[in-house]
Amino acid sequence: MLSTSTGYLILFIFGSFFTILTIVMQRRRKTAMTAEQFSTAGRNVGVGLASASIIAAWTWAATLMMSSSTGFQYGISGPYWYAAGACIQVLLFAIVAIHLKRKAPKAHTFLEFIGKRFDKKNHKLMMVFALMTNIIVTSMVILGGAIALNSLTGMNIYIAAFLIPLTFTIYTMIGGLKASFIADYLNTVMIFVILTIFAAAVYIQFGVQTVYEGLRSLPESQQMLTMASIPGLLFGMINIIGNFGTVFVDQSYWQRAIASKDSAASKAYIYGGIAWFSIPFAIATFLGVTAAGLGLNVGDPDASAPLMAAHVLGTVGSILFLVMLFMAVMSTGAAELTAITNIIVTDIYRKSINPLASSAKTLKVSRIVTLSFGLAMGVFSVLLFSIGIGLGFVYMAMGIFVSGAVIPLTIGLLWKRATNNGCFWGALLGMVSGVTVWNVSAYVMHGAINVESLGHLHSMLFGNLTVFIVSGVISIGHALMTNEQFDFEAMKDSFKSFDDEQEELIVVAKKEVV
């Protein structure tokens, strides 16, 4: 175990390093930062950097903590169900990414596309889903980091939850999306290096036979040593459904498609998704499953990864795990900050409050929003801890709240027959019915509606399945019953960059003066 001061020192080092790096990169830029650069990183990111960024953005603190928890609880099936269940969404996202690039080449957010594809009520509803997704994902980033700091250093979990957002808020506020890409590349390299160290250490110290015999001796050994584990399968189904929402409705993934070159967009998601699979699969196997096989008393399964890391390599293992974890925290945190900033600036500020805002004014508002949201998420995470909601609960419940938008959003981008009313009511009623079934099933099966009963696998599964079924039936069914068709080509030229709009305003102003 590390000292509390080590926890504070790690927070300070990470925050300072990336802030200084961002400032240095800013000064080396040949052109001044503009609102467009802050939002889209110039739309010229190559396939290598984009792939690394997708890997880093999808490697949440939950990826390291929850994947290990599944291995500890469900045995050898846990690593596969976590990794495979959260990999398929990124691979499939390559399809919608290239469609967005073709149909809205200068869009800043997927909501900007929705605003032109559908009507105002759809735009507002999808915005609620998008903001909800960003808040849930950011809270999981912070919860995972706080749990690890508390487990390994004894730092007060509430203080950790409040301070963690500061480590990625400041440098993101300075450098925008480009700073996020640079941090992502460094973070991805470090995560794979540390992951390799843990894998080698566990294999050399304990070997396969020791872990196997330990799993066989457990009372639930039949569940731990088979891929046919029922709890593992139920988790896998929840994982697949829930993570469709946190990819397809998360602006940070659309943002990486928007920032990439046309030739790199789809490739980056395929390469990134395949490479990402190895991270949770290895962590869950070498730390989670091994911890169960060795009979390690971890108390909270969500803390199995940091405690196993300390068990294997002592103080060095604790430090390495915290470094790896904070690499994940910095990447995902920065990605979510830039995502929610783009949504608020593009789809609220410039759409409804100040449509004629200059590039300089837009940039200033973007930085204010980034700082405000970062600080607010620290407060929100403290609130979650105070009411007893932890990382595992938030991870499995997220699909119930955000996945209702997945099918309506996807068919709206890919299918010209998707309708305004079908997609609106499909998304809304999908979420409402999912939450209803989730609560009813918890009450029927466990006799109460509380955090414990709602957190059971069956309650979570029924809620997640209901969301997808209801939203899909309504949105697709309504489209099939009508003859509406949308002209994507007519919409293509209606998107403009912030800098182009600024130049047009200057030209108009000069004409008025003349």
Side-chain angles (χ1 to χ4, degrees), residues 4 7-23 38 56-65 130-153 155-177 179-180 182-184 186-187 246 250-252 255 322-345 366-387 389-391 394-395 398:
T4 303
Y8 287 104
L9 184 62
I10 287 174
L11 288 175
F12 176 76
I13 290 173
F14 272 91
S16 300
F17 173 76
F18 283 103
T19 300
I20 293 171
L21 177 64
T22 301
I23 292 173
F38 190 91
W58 199 214
T59 307
W60 305 346
T63 303
L64 307 180
M65 305 289 283
L131 293 175
M132 196 187 310
T133 301
N134 289 130
I135 291 171
I136 290 173
V137 173
T138 309
S139 65
M140 282 196 290
V141 169
I142 298 170
L143 291 176
I147 291 171
L149 277 174
N150 176 259
S151 300
L152 294 177
T153 71
M155 180 187 291
N156 182 285
I157 202 163
Y158 299 106
I159 296 176
F162 183 75
L163 293 179
I164 284 172
L166 294 178
T167 60
F168 53 79
T169 296
I170 297 175
Y171 83 82
T172 307
M173 181 182 66
I174 296 171
L177 186 57
S180 175
I182 295 170
D184 289 347
L186 295 175
N187 293 349
T246 51
D250 189 339
Q251 168 60 22
S252 67
Q255 209 159 260
L322 282 179
V323 169
M324 182 169 61
L325 183 93
F326 271 92
M327 289 295 184
V329 167
M330 300 291 278
S331 293
T332 311
E336 296 303 315
L337 278 182
T338 52
I340 202 165
T341 297
N342 278 349
I343 290 172
I344 292 175
V345 171
S366 297
R367 285 174 167 162
I368 292 173
V369 170
T370 301
L371 178 61
S372 302
F373 178 70
L375 296 175
M377 283 309 305
V379 176
F380 180 69
S381 299
V382 170
L383 178 63
L384 289 178
F385 274 128
S386 67
I387 61 178
I389 294 179
L391 180 64
V394 177
Y395 184 85
M398 62 187 176

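Quick note: residue numbers are just sequence positions, from 1.
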Can Val379 and Leu375 be said to form a side-chain contact (heavy atoms from CB on, under 4.5 Å), step by step? CA-CA 7 Å; Val379 176; Leu375 296 175; over 6 Å; no
Look at the side chain of Thr338 and the backbone N and O of Ala335, then say whether any donor-acceptor pair between them is shorter than 3.5 Å. yes
To the nearest 0.5 Å, tell me how far [X] [atom1] sits from [Y] [atom2].
| X | Y | atom1 | atom2 | result |
| --- | --- | --- | --- | --- |
| Leu143 | Leu384 | CG | CG | 5.5 Å |
| Thr153 | Leu9 | OG1 | CG | 11.0 Å |
| Asn187 | Met330 | CG | CE | 7.0 Å |
| Thr246 | Met398 | OG1 | CE | 4.0 Å |
| Asn150 | Ile147 | CG | CD1 | 8.5 Å |
| Ile170 | Ile20 | CD1 | CD1 | 11.0 Å |

Give the minimum heavy-atom separation between [X] and [Y], together with the two atoms involved.
| X | Y | result |
| --- | --- | --- |
| Gly145 | Leu325 | CA-CD2, 3.5 Å |
| Ala328 | Thr59 | CB-O, 3.0 Å |
| Leu186 | Phe17 | CD1-CE2, 4.3 Å |
| Val345 | Ser366 | CG2-OG, 3.5 Å |
| Met155 | Tyr8 | CE-N, 3.3 Å |
| Ala334 | Tyr171 | CB-OH, 3.4 Å |

For the residue pair Thr370 and Thr341, confirm or rule out a side-chain donor-acceptor distance under 3.5 Å.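 Yes, side-chain donor-acceptor contact under 3.5 Å.
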Do Ser331 and Asp184 get their side chains close enough for a donor-acceptor pair, meaning under 3.5 Å?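 Their side chains do contain a donor-acceptor pair, which is all the 3.5 Å distance test asks for.
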Output, in order, the C-alpha distance, side-chain angles, deciding distance and verdict of side-chain contact (heavy atoms from CB on, under 4.5 Å) for Leu322 and Phe14. CA-CA 11 Å; Leu322 282 179; Phe14 272 91; over 6 Å; no
Considering only heavy atoms from C-beta outward, does the side chain of Leu11 approach that of Leu149 to under 4.5 Å? yes
Answer whether the closest heavy-atom distance between the side chains of Ile135 and Phe373 falls below 4.5 Å.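 Yes - at least one pair of side-chain heavy atoms lies under 4.5 Å apart.
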Show me the donor-acceptor pairs, under 3.5 Å and distance only, between side chains in residues 156-168 and residues at least two apart or in other chains.
from: Asn156; atom 1: OD1; to: Tyr158; atom 2: N; distance (Å): 2.9
from: Asn156; atom 1: OD1; to: Ile159; atom 2: N; distance (Å): 3.1
from: Thr167; atom 1: OG1; to: Ile164; atom 2: O; distance (Å): 2.5

Exactly one of Val394, Thr63, Thr332 clears side-chain contact (heavy atoms from CB on, under 4.5 Å) with Met140, and that residue is Val394
Given the rule in the side-chain contact (heavy atoms from CB on, under 4.5 Å) test, do Phe18 and Ile174 qualify, once you have shown the distances and angles that lead to the verdict? CA-CA 11 Å; Phe18 283 103; Ile174 296 171; over 6 Å; no
Relative to each other, are the rings of Trp58 and Trp60 parallel, tilted or perpendicular (30° and 60° limits)? perpendicular
